[in-house]
Amino acid sequence: DFFDAYNNLGTTLNTLGELRQAEAAYRKAIAIKPDSAAIYNNLGVLFQKQDRLDEAEASFARAIELKPHFSQAHYGLGCVYFAQGDKNRALEQLITVNALQPNSKDYELVLEFIKAVRAQVRPDGQVVDSHMSKSLLELKSRPMILNRSVEPELMDRLYELKTTQL
């Protein structure tokens with residue numbers, strides 16, 4: 001059973017930026033163990049990194065189908081929805097993640113950020129400050145260990161949003 005080897009190889013190649021080889025390794029892992037939610041999640045992260053959002057959405061959805069309480073897959077799907085401009089579905093996924101991981105301050109921060117951004121959406125559907133959207137999308141590197149270099153900026157922007165709503 002080479003499932004773990006292919007999964008680990010895919011993760012290593014993804015980290016090194018060898019995205020096509022990473023995808024091939026993940027697909028070999030799927031061929032061995034098609035019922036693994038983790039491998040679909042990893043594939044979703046890879047697709048998301050390449051802005052292949054429809055494929056990322058399908059991969060995260062498959063991971064959730066296989067393991068409904070998989071918070072990382074819900075987080076990834078929420079980021080995909082956010083990138084696609086669907087703030088409501090993104091918010092639903094982040095609410096789910098927070099319910100599954102109630103003690104995670106990382107997820108709580110992102111949930112508050114999405115709520116604040118959603119409150120700043122104009123009637124035509126455009127976000128008032130697109131730089132804020134970019135900040136959130138930069139958090140997709142690792143669902144459980146968020147990019148700490150972005151966190152201070154998110155907190156500052158969240159504070160700005162909340163104070164402008166008063």
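Index from 1, following the sequence.
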For a quick test of reading the model, state the closest non-hydrogen atom pair linking [X] to [Y] and the distance between them.
{"X": "K67", "Y": "A37", "answer": "CB-CB, 3.6 Å"}
{"X": "K33", "Y": "I39", "answer": "O-CG2, 4.5 Å"}
{"X": "L94", "Y": "G78", "answer": "CD2-CA, 4.2 Å"}
{"X": "F60", "Y": "G44", "answer": "CZ-C, 3.3 Å"}
{"X": "A63", "Y": "A73", "answer": "CB-CB, 3.8 Å"}
{"X": "A29", "Y": "F3", "answer": "O-CD1, 3.3 Å"}

task = Mark yes or no for whether H74, through its side chain, and L100, through its backbone, hold a donor-acceptor pair below 3.5 Å.
result =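 The answer is no, because no donor-acceptor pair under 3.5 Å joins these two groups.
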key: Side-chain (Q50) to main-chain (L46) donor-acceptor, under 3.5 angstrom   =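 Checked: pair present.
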Can you hop from [X] to [Y] via hydrophobic side chains spaced under 4.5 Å?
{"X": "Y6", "Y": "L43", "answer": "yes"}
{"X": "L9", "Y": "I32", "answer": "no"}
{"X": "L77", "Y": "L66", "answer": "no"}

task = For T11 and Y26, test the side chains for any donor-to-acceptor distance below 3.5 angstrom and give the result as yes or no.
result =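 A pair is found: one side chain offers a donor N or O, the other an acceptor, under 3.5 Å apart.
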ask   = Will you find, in the side chains of N42 and N7, an N or O donor that is under 3.5 Å from an N or O acceptor?
value =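 Short answer, yes.
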request  = Give the C-alpha distance, both sets of side-chain angles, the deciding distance and a yes or no for salt bridge (charged side-chain N to carboxylate O under 4.0 Å, His left out) between R52 and E23.
outcome  = CA-CA 12 Å; R52 293 164 61 183; E23 182 179 346; 2.9 Å; yes
task = Taking only Lys NZ, Arg NE, NH1 and NH2, and the carboxylate oxygens of Asp or Glu, determine whether E57 and R62 approach each other closer than 4.0 Å.
result =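 Between R62 and E57 there is no salt bridge, as every charged N stays at least 4.0 Å from the carboxylate O atoms.
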ask   = Can R89 be said to sit on top of Y81's aromatic six-ring, NZ or CZ under 6.0 Å from centre and within 45° of the ring axis?
value =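 Ring-cation test returns yes.
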ask   = Can you list the steps and then say if E92 with T96 is a side chain to side chain contact (heavy atoms under 4.5 Å, CB included)?
value = CA-CA 6 Å; E92 288 172 11; T96 299; 5.6 Å; no
Nearest-0.5 Å distance, CZ of residue F47 to CG of residue L19 =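 Going from the CZ atom of F47 to the CG atom of L19 covers 10.5 Å.
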inquiry  = With a 4.5 Å cut-off on side-chain heavy atoms, are Q93 and I64 touching?
reply    =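 Yes, their side chains come closer than 4.5 Å.
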